[in-house]
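Just below is one structure, and these are the notes that go with it.
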Amino acid sequence: MFSNKNCTLTEYDELYKIFMFDFTADPIGIVDKSQRFRIVNGDPAKIEDHPYEVIIEIKYIELFCAGAIISDRHIVTVARCARFAQVKRAIIRSGSSRKNFGGDEHNISLVTIHQDWEGDEENNIAVVKVVEPFQFNKIPKAIPLMDQDEKIQNGTSAIVSGWGVTESGETNQLFKLSVVIIDLSTCKKMWKVDHIDEGWMCAKNFENKGKVVCSGDYGDTLVIGKGQDKRLAGILIWTWRLENCDDDKPRAYVNIAHYRNWINEAIQK
């Protein structure tokens with residue numbers, strides 16, 4: 001059973017056309033598949049160091065999005081990804097550094113999309129429930145979340161992880177990238193925009209301009225802290241306004257602290 005915005009396969013065909021070819025109708029539409037999922041020139045990562053990281057695989061259109069395990073039956077991701085998970089051909093893969101093989105596959109039983117999401121980047125968050133629980137005695141682990149309305153100090157170091165590309169092209173390998181949290185006021189100035197939603201947070205890599213998060217890295221996890229103190233701070237949403245992957249602007253993430261209460265309610269369904 002799915003909550004909100006259910007899709008039949010006929011409707012799904014139409015969504016596929018939108019996603020793949022109509023950039024004006026849906027800003028995540030990318031014709032070149034190599035542009036879909038990109039942590040560009042990040043460092044190879046092991047799933048054992050990021051055991052909360054999962055891939056949502058939509059086999060019907062060969063679409064992949066990332067997410068984070070938050071309980072033995074739930075992940076959090078972005079609504080843009082979750083809406084495509086509302087079909088039986090979607091699975092969640094846990095416990096693998098590779099995006100399309102290894103680890104365990106989990107079928108989906110419930111998709112809860114934020115009730116105020118209207119197809120843009122505001123309220124772009126969803127919780128997905130799996131049929132088969134994540135096996136915490138193996139690699140997968142849930143990651144603790146930020147508290148409701150908790151603030152992160154400007155300049156805090158963080159790690160974003162997901163599946164990306166290298167200079168030689170697309171890869172199935174999990175990658176990570178060091179970034180720094182930027183306050184929304186500074187982020188707004190760097191983007192030269194009048195408004196950035198309070199439900200977002202921004203982060204940027206300052207070490208190397210060639211190492212970036214790029215178009216299509218939806219759902220990649222933004223984590224602060226080390227060791228047992230790691231917590232999920234954000235999930236990636238905003239790369240589609242980039243002119244190219246060399247664009248040095250900050251990337252935007254769903255602010256988990258802004259939605260913590262909503263997440264708690266979604267888990268109870």
Side-chain angles (χ1 to χ4, degrees), residues 2 5-9 11-13 15-20 26 28-39 45-47 50-113 124-135 138-143 160-165 169-176 213-221 235-237 239:
F2 300 113
K5 302 180 178 65
N6 298 329
C7 303
T8 65
L9 284 180
E11 293 169 335
Y12 199 54
D13 287 332
L15 287 175
Y16 169 76
K17 294 175 183 177
I18 291 173
F19 187 92
M20 289 298 294
D26 189 328
I28 61 171
I30 302 289
V31 173
D32 181 355
K33 291 183 180 180
S34 68
Q35 299 293 315
R36 290 190 196 166
F37 308 98
R38 308 194 70 180
I39 289 182
K46 296 179 180 179
I47 193 66
H50 308 268
Y52 45 82
E53 194 92 28
V54 297
I55 270 284
I56 305 169
E57 181 179 352
I58 319 297
K59 296 184 177 181
Y60 186 62
I61 55 175
E62 297 182 0
L63 170 67
F64 299 88
C65 295
I69 299 172
I70 56 175
S71 84
D72 65 343
R73 294 284 297 277
H74 299 86
I75 72 163
V76 64
T77 186
V78 294
R80 285 190 182 277
C81 294
R83 68 171 178 176
F84 288 97
Q86 296 182 141
V87 292
K88 293 182 180 179
R89 298 191 187 187
I91 59 99
I92 292 174
R93 187 179 306 280
S94 67
S96 177
S97 299
R98 305 291 182 174
K99 72 181 181 184
N100 59 0
F101 66 89
D104 295 322
E105 294 185 4
H106 306 263
N107 294 304
I108 294 170
S109 65
L110 179 68
V111 175
T112 303
I113 293 174
N124 188 2
I125 187 170
V127 168
V128 180
K129 185 177 182 179
V130 297
V131 176
E132 305 86 1
F134 298 108
Q135 300 299 311
K138 300 168 69 175
I139 292 176
K141 298 289 187 296
I143 185 168
V160 56
S161 57
W163 285 263
V165 300
E170 191 171 1
T171 175
N172 290 322
Q173 173 66 43
L174 181 67
F175 277 82
K176 63 180 179 180
V213 180
C214 198
S215 298
D217 275 311
Y218 280 95
D220 285 359
T221 59
I235 47 177
L236 184 70
I237 52 169
T239 61

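- Distance check, rounded to the nearest 0.5 Å: CD1 of Ile70 to CZ of Phe134 gives 9.5 Å.
- Using a distance-only test at 3.5 Å, with no hydrogens or angles considered, no donor-acceptor pair links the side chain of Asn100 to the main chain of Asn172.
- A distance of 7.0 Å separates NE2 of His74 from OG of Ser109, quoted to the nearest 0.5 Å.
- In this structure, Ile113 CD1 and Asn124 CG are separated by 9.0 Å, a value rounded to the nearest 0.5 Å.
- With Tyr52 contributing its side chain and Ala142 its backbone, the two residues share no donor-acceptor pair below 3.5 Å.
- In terms of modelled atom types and a separation under 3.5 Å, the side chain of Gln135 and the main chain of Pro140 share no donor-acceptor contact.
- In this structure, Ser97 contributes its side chain and Ile47 its backbone to a donor-acceptor pair below 3.5 Å.
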Step-by-step side-chain contact (heavy atoms from CB on, under 4.5 Å) determination, Lys138 to Asp104: CA-CA 10 Å; Lys138 300 168 69 175; Asp104 295 322; 3.0 Å; yes
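- Interatomic distance, CG of Asp220 versus CH2 of Trp163, reported as 8.0 Å (0.5 Å rounding).
- Contact record, Val54 with Ala68: CG2-N, 4.1 Å, taken as the closest heavy-atom pair.
- Contact between Ile69 and Ser71 at its shortest, heavy atoms only, is CG2-O, 3.2 Å.
- Between the CG atom in Asp72 and the NZ atom in Lys141 there is a gap of 12.5 Å [rounded to 0.5 Å].
- Contact record, Gly219 with Thr77: CA-OG1, 4.0 Å, taken as the closest heavy-atom pair.
- When side chains are defined from C-beta on, His50 does not count as touching Thr221, because their heavy atoms never get closer than 4.5 Å.
- The two residues Ile125 and Ile235 come nearest to each other via the heavy atoms CG1-CD1, 4.3 Å.
- In this structure, Ile108 CD1 and Ile91 CD1 are separated by 8.0 Å, a value rounded to the nearest 0.5 Å.
- Take Arg93 and apply the side-chain hydrogen bond (donor to acceptor under 3.5 Å, both in side chains) test, not counting sequence neighbours, and it matches Glu57, Glu105.
- Judged by distance alone, the side chain of His106 and the main-chain N or O of Ile92 form no donor-acceptor pair under 3.5 Å.
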Dump the intermediate steps for side-chain contact (heavy atoms from CB on, under 4.5 Å) on Ile56 and Ile75, then the final yes or no. CA-CA 10 Å; Ile56 305 169; Ile75 72 163; 3.8 Å; yes
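- Closest approach of Ala126 to Ala82, counting heavy atoms only: CB-CB, 3.4 Å.
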